[in-house]
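Predicted model, so just to flag it, every value in this text is computed and none were measured.
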Amino acid sequence: MTSKFALITGASRGIGHSIAFALAREGLHVIVTGRDEKALGELKRKIDSDRGVCTYVVADLGDSREIDKLAESVAEITGSLDLLIHSAGIARVGKVADLTLQDWYDSLSVNLTAPFYLTRKCLLYLKRDALIVFINSVAAKNSFPEWAAYSAAKAGLAAFVDVLRKEVQDKGIKITSVFSASVDTPMQDNLPYKWDRSRMLTPDQIAQIVLDCYRKPGKVLVKNIDVENIAGTF
């Protein structure tokens with residue numbers, strides 16, 4: 001029975017899904033969360049059939065009360081976490097003149113407030129040599145028309161991580177931010193653009209980067225990773 005545990009958000013599909021499967025194959029007990037119970041159940045069956053260990057918890061990270069319940073579930077499953085992966089995210093796009101206040105609130109809630117609050121709730125369970133990974137975006141460092149809400153949230157996330165890293169470094173907790181260019185995930189389905197998705201990064205490629213960070217020696221800290229397809233940013 002594995003003695004190492006990872007909590008992965010946004011695991012219903014896309015990047016979180018791939019990260020969960022990769023870490024399960026690495027021998028970790030993965031605790032996966034998302035809003036789609038059916039998709040999480042299918043992921044668990046996939047991991048179980050591959051001789052991995054998976055537990056899923058349905059939660060909407062846009063609701064702080066559900067984050068509270070998620071943290072309680074983690075405490076029941078394990079008293080300690082080796083990995084915390086923030087992969088959940090949403091994109092609300094539109095020109096500033098057209099962007100609704102609700103779109104703005106939703107973007108900050110899921111992309112910024114949820115990672116802050118879940119991290120705060122999980123600090124109690126993180127081992128001394130634990131690793132936290134934040135899946136960020138190239139939009140945190142570059143501005144794109146119609147992406148004001150998303151860029152603001154991701155830039156805020158980068159600043160939050162920089163502060164958090166300094167606050168927990170004496171506890172031996174390592175934190176890595178992955179600043180990714182466009183990834184071919186289901187999130188792209190809801191965007192009003194006709195990009196060539198075959199030239200984007202894949203979720204499995206991001207999962208491999210996270211796995212590489214996990215495999216680094218205990219004292220090695222990779223702070224930030226910028227990654228894009230050689231074809232460009234998109």
Side-chain angles (χ1 to χ4, degrees), residues 2 4-57 61 81-91 110-111 115 131-141 150 154 157 174-191 193-216 220 222-234:
T2 180
K4 293 192 174 183
F5 293 82
L7 172 61
I8 305 106
T9 70
S12 300
R13 52 186 60 84
I15 296 172
H17 186 281
S18 291
I19 292 173
F21 196 73
L23 292 176
R25 280 195 160 178
E26 189 70 6
L28 283 84
H29 179 151
V30 295
I31 306 168
V32 297
T33 187
R35 293 178 297 175
D36 189 335
E37 183 170 9
K38 180 179 179 182
L40 292 174
E42 291 174 352
L43 173 60
K44 173 176 170 52
R45 286 189 289 273
K46 181 180 178 181
I47 290 174
D48 289 348
S49 66
D50 197 53
R51 298 183 180 181
V53 183
C54 177
T55 304
Y56 72 83
V57 181
L61 299 185
L81 282 174
D82 299 87
L83 261 170
L84 173 58
I85 311 294
H86 293 284
S87 181
I90 61 171
V110 175
N111 296 320
L131 170 65
I132 308 175
V133 178
F134 292 83
I135 304 300
N136 206 306
S137 168
V138 64
K141 300 181 178 183
Y150 188 79
K154 290 297 189 178
L157 183 64
K174 301 188 295 184
I175 303 178
T176 299
S177 285
V178 179
F179 294 91
S180 171
S182 293
V183 183
D184 185 16
T185 69
M187 188 175 77
Q188 302 289 343
D189 298 341
N190 301 317
L191 298 179
Y193 309 111
K194 296 182 179 180
W195 290 326
D196 183 356
R197 291 168 63 168
S198 68
R199 298 174 59 161
M200 294 180 179
L201 296 164
T202 68
D204 287 346
Q205 289 168 338
I206 303 300
Q208 185 59 54
I209 290 170
V210 172
L211 188 59
D212 289 344
C213 288
Y214 171 71
R215 288 172 171 171
K216 297 294 184 188
V220 176
V222 179
K223 289 185 176 181
N224 301 305
I225 299 175
D226 295 311
V227 56
E228 66 178 33
N229 190 303
I230 195 170
T233 300
F234 288 91

Kindly compute the distance separating [atom1] ([X]) from [atom2] ([Y]), expressed to the nearest 0.5 Å.
X	Y	atom1	atom2	result
S87	L7	OG	CG	11.0 Å
K154	S137	NZ	OG	6.5 Å
L83	K174	CG	NZ	9.5 Å
C213	K223	SG	NZ	14.0 Å
T176	F134	OG1	CZ	10.0 Å
I90	Y150	CD1	OH	10.0 Å

Side chain to side chain donor-acceptor pair (under 3.5 Å) filter on Q188, not counting sequence neighbours, yields none
Residues [X], [Y]: salt bridge by 4.0 Å N-O rule:
X	Y	result
K4	E26	no
D189	R197	yes
D226	K141	yes

- Worked check of side chain to side chain contact (heavy atoms under 4.5 Å, CB included) between V32 and T55: CA-CA 6 Å; V32 297; T55 304; over 6 Å; no
Check whether any side-chain heavy atom of [X] sits under 4.5 Å from a side-chain heavy atom of [Y], and report yes or no.
X	Y	value
S182	L201	no
L131	I175	no
V183	I206	yes
L23	I85	yes
Y56	V30	no
V138	S180	no
T185	I15	yes
I8	T33	no

Check the pair V133 / L84 against side chain to side chain contact (heavy atoms under 4.5 Å, CB included), numbers first and verdict last. CA-CA 6 Å; V133 178; L84 173 58; over 6 Å; no
F179 meets the ring-ring contact (aromatic ring centres under 6.0 Å, His included) criterion, sequence neighbours left out, with none
Item to complete: For T202 and Q205, indicate whether the former's side chain and the latter's backbone hold a donor-acceptor pair under 3.5 Å.
Response: yes
| Does the side chain to side chain contact (heavy atoms under 4.5 Å, CB included) test come out yes or no for I31 and V57, once each step is laid out? | CA-CA 7 Å; I31 306 168; V57 181; 4.3 Å; yes
Looking at every non-hydrogen atom in both residues, tell me the closest pair between [X] and [Y] and how far apart they are.
X	Y	result
R199	N229	O-ND2, 2.9 Å
A6	L28	CB-CD2, 3.8 Å
A181	E228	CB-CB, 3.4 Å
A88	L61	CB-CD1, 3.8 Å

Working note: I19 + I135, criterion side chain to side chain contact (heavy atoms under 4.5 Å, CB included); need CA distance, chi angles, decisive distance, verdict. CA-CA 11 Å; I19 292 173; I135 304 300; 4.2 Å; yes
Cut-off 3.5 Å, side chains only: do S18 and D204 have a donor facing an acceptor?
yes
Exercise. Do S12 and H17 have a side chain donor and acceptor closer than 3.5 Å?
Worked result: no
Next item on the list: Give the C-alpha distance, both sets of side-chain angles, the deciding distance and a yes or no for side chain to side chain donor-acceptor pair (under 3.5 Å) between N136 and S177.
Entry: CA-CA 6 Å; N136 206 306; S177 285; 5.0 Å; no
Output side-chain donor-acceptor pairs under 3.5 Å for residues 40-48, partner residues at least two apart or in another chain, one line each.
from, atom 1, to, atom 2, distance (Å)
K44, NZ, D48, OD2, 3.1
K44, NZ, C54, O, 2.8

Crowding at CD, Q208 (>12 non-hydrogen neighbours, <6.0 Å)
yes
